[in-house]
Amino acid sequence: MSGGTRTLVSPLTLARPRGKALYWTVFTAVVLLFALAFLFPVYWMVTGAMKSPDEVTRTPPTLVPQAWHLSGYTDAWDLMDLPTHLWNTVVQAAGAWLLQLVFCTAAAYALSKLKPAFGKVILGGILATLMVPAQALVVPKYLTVADLPLIHTSLLNDPLGIWLPAVANAFNLYLLKRFFDQIPRDVLEAAEIDGAGRLRTLWSIVLPMSRPVLGVVSIFALVAVWQDFLWPLMVFSDTDKQPISVALVQLSQNIQLTVLIAAMVIASIPMVLMFLVFQRHIIAGISAGSTKG
């Protein structure tokens, strides 16, 4: 017997016309089922905002709107002041992303390549925070932000209240460190021979090689801030400064269901577009993290 790879369907069966037809039929059915499972909720949300208020609550529901109304989207844009809250979210997410990228990259590079004293102990302490439930850290974080130690100032209703806690992201730091560990030492030694310092090596050698993992970390950082609800709700009591995730809940009272659904569709568009633009970076980052350089 040959030691080839065993599969669910033998190559001999697939070579026959009947086996090949059966295989492609099953494969197509599975792909369509998965596509339907993922895309139908999106379709239901987008078309639900185009129905009349009576039709969207009708039982049994209608798959296709009897009359297409775009007023739900225009009303959501105006009545819920979506431009303001979307801009608040962009500012909070962009600041958290930038600070996280700078500090996590610097810390990961130091732990991976500079080998500081007690580096393993420090890394172990950082990773230990992943074992603590996020809910258990909410109260200590709030007390810290409400009265910042040493300088005794409050960061409530301030984007810094979102930015600074987001910097301490142990998972993204560990992702970056693991990637930096895989960069060949010979490359860094060649840069040192050419006279490049540690900072120059990081900027000119390490970061250009780390674009895939930086893309993955960027997406994780942006999505985490964009979809967060509890922490922004505690930080921002001023409605005009709240991000879209909080504003949708706070302003949902006395708002028609179709308008609320339309607001959710609009709020989800930036994340969908970001995924479509950076999907190659996600795949490249995952594959780069699974192989050694």
Side-chain angles (χ1 to χ4, degrees), residues 81 83-112 114 116-177 180 198-199 202-203 207 214 216-251 267 270-271:
D81 196 15
T84 298
H85 298 296
L86 283 171
W87 176 247
N88 293 340
T89 312
V90 169
V91 170
Q92 294 164 26
W97 162 74
L98 181 61
L99 290 176
Q100 194 173 138
L101 212 59
V102 171
F103 286 100
C104 285
T105 300
Y109 178 69
L111 291 172
S112 175
L114 304 187
F118 306 108
K120 291 184 178 180
V121 176
I122 295 171
L123 179 62
I126 292 172
L127 295 180
T129 62
L130 293 174
M131 308 302 170
V132 182
Q135 295 80 358
L137 299 175
V138 169
V139 173
K141 278 201 305 183
Y142 181 81
L143 295 176
T144 303
V145 167
D147 184 15
L148 210 59
L150 300 179
I151 60 177
H152 298 290
T153 186
S154 174
L155 297 182
L156 299 180
N157 288 313
D158 192 313
L160 283 170
I162 300 294
W163 296 349
L164 295 184
V167 172
N169 191 306
F171 180 74
N172 284 346
L173 188 149
Y174 182 68
L175 270 183
L176 288 164
K177 181 188 177 299
F180 293 160
R198 299 290 174 82
L199 188 59
L202 172 63
W203 181 259
L207 291 184
L214 291 176
V216 173
V217 168
S218 298
I219 291 169
F220 285 165
L222 290 171
V223 171
V225 176
W226 197 277
Q227 69 179 6
D228 196 9
F229 171 76
L230 180 60
W231 182 242
L233 176 64
M234 298 178 67
V235 172
F236 295 103
S237 57
D238 187 349
T239 307
D240 292 335
K241 296 182 179 180
Q242 290 175 344
I244 191 72
S245 59
V246 177
L248 287 179
V249 177
Q250 299 287 77
L251 302 176
M271 288 295 98

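Heads up: numbering here begins at 1 and tracks the sequence. Remember, predicted model here, so these are calculated numbers, not experimental data.
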Measuring from [X]:[atom1] to [Y]:[atom2], what's the distance to the nearest 0.5 Å?
| X | Y | atom1 | atom2 | result |
| --- | --- | --- | --- | --- |
| S218 | L101 | OG | CG | 4.5 Å |
| F103 | L164 | CZ | CG | 8.5 Å |
| K241 | I162 | NZ | CD1 | 12.5 Å |

Can you name the residues that form a side chain to side chain contact (heavy atoms under 4.5 Å, CB included) with D158, not counting sequence neighbours?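 Testing D158 for side chain to side chain contact (heavy atoms under 4.5 Å, CB included), a comparison that skips the adjacent residues, returns L160.
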
>> Using the side chain to side chain contact (heavy atoms under 4.5 Å, CB included) criterion, which residues pair with P270? Sequence neighbours excluded.
In response: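 Per chain and number, P270 pairs via side chain to side chain contact (heavy atoms under 4.5 Å, CB included) with W226.
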
Measure across [X] and [Y] and return the closest heavy-atom pair with its distance rounded to 0.1 Å.
| X | Y | answer |
| --- | --- | --- |
| N169 | C104 | O-SG, 4.0 Å |
| S245 | F229 | O-CD1, 3.6 Å |
| A267 | L248 | CB-CD1, 4.1 Å |
| A108 | L176 | CB-CB, 3.6 Å |
| W163 | A96 | CD1-N, 3.3 Å |
| T89 | I244 | OG1-N, 2.8 Å |

| request: Verify the neighbour count for atom CG of L199: are there more than 12 heavy atoms of other residues, nucleotides or ligands below 6.0 Å? | output: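 At most 12 heavy atoms, drawn from other residues, nucleotides or ligands, come within 6.0 Å of this atom.
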
Taking atom CD1 as the centre, does I151 end up with more than 12 heavy-atom neighbours from other residues, nucleotides or ligands that are less than 6.0 angstrom away?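 Enclosed: over 12 neighbouring heavy atoms sit under 6.0 Å from CD1 of I151.
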
Can you give me every donor-acceptor pair (side chain of residues 130-147, partner residue at least two apart or in another chain, under 3.5 Å) with its distance?
{"residue": "T144", "atom": "OG1", "partner": "P140", "partner atom": "O", "Å": "2.8"}
{"residue": "D147", "atom": "OD1", "partner": "H152", "partner atom": "ND1", "Å": "3.4"}

| said: Parallel, tilted or perpendicular: which one describes the rings of F220 and F171, with boundaries at 30° and 60°? | reply: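 Tilted.
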
Backbone of D238 reached by a side-chain donor or acceptor of N157 within 3.5 Å: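 A pair under 3.5 Å: yes.
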
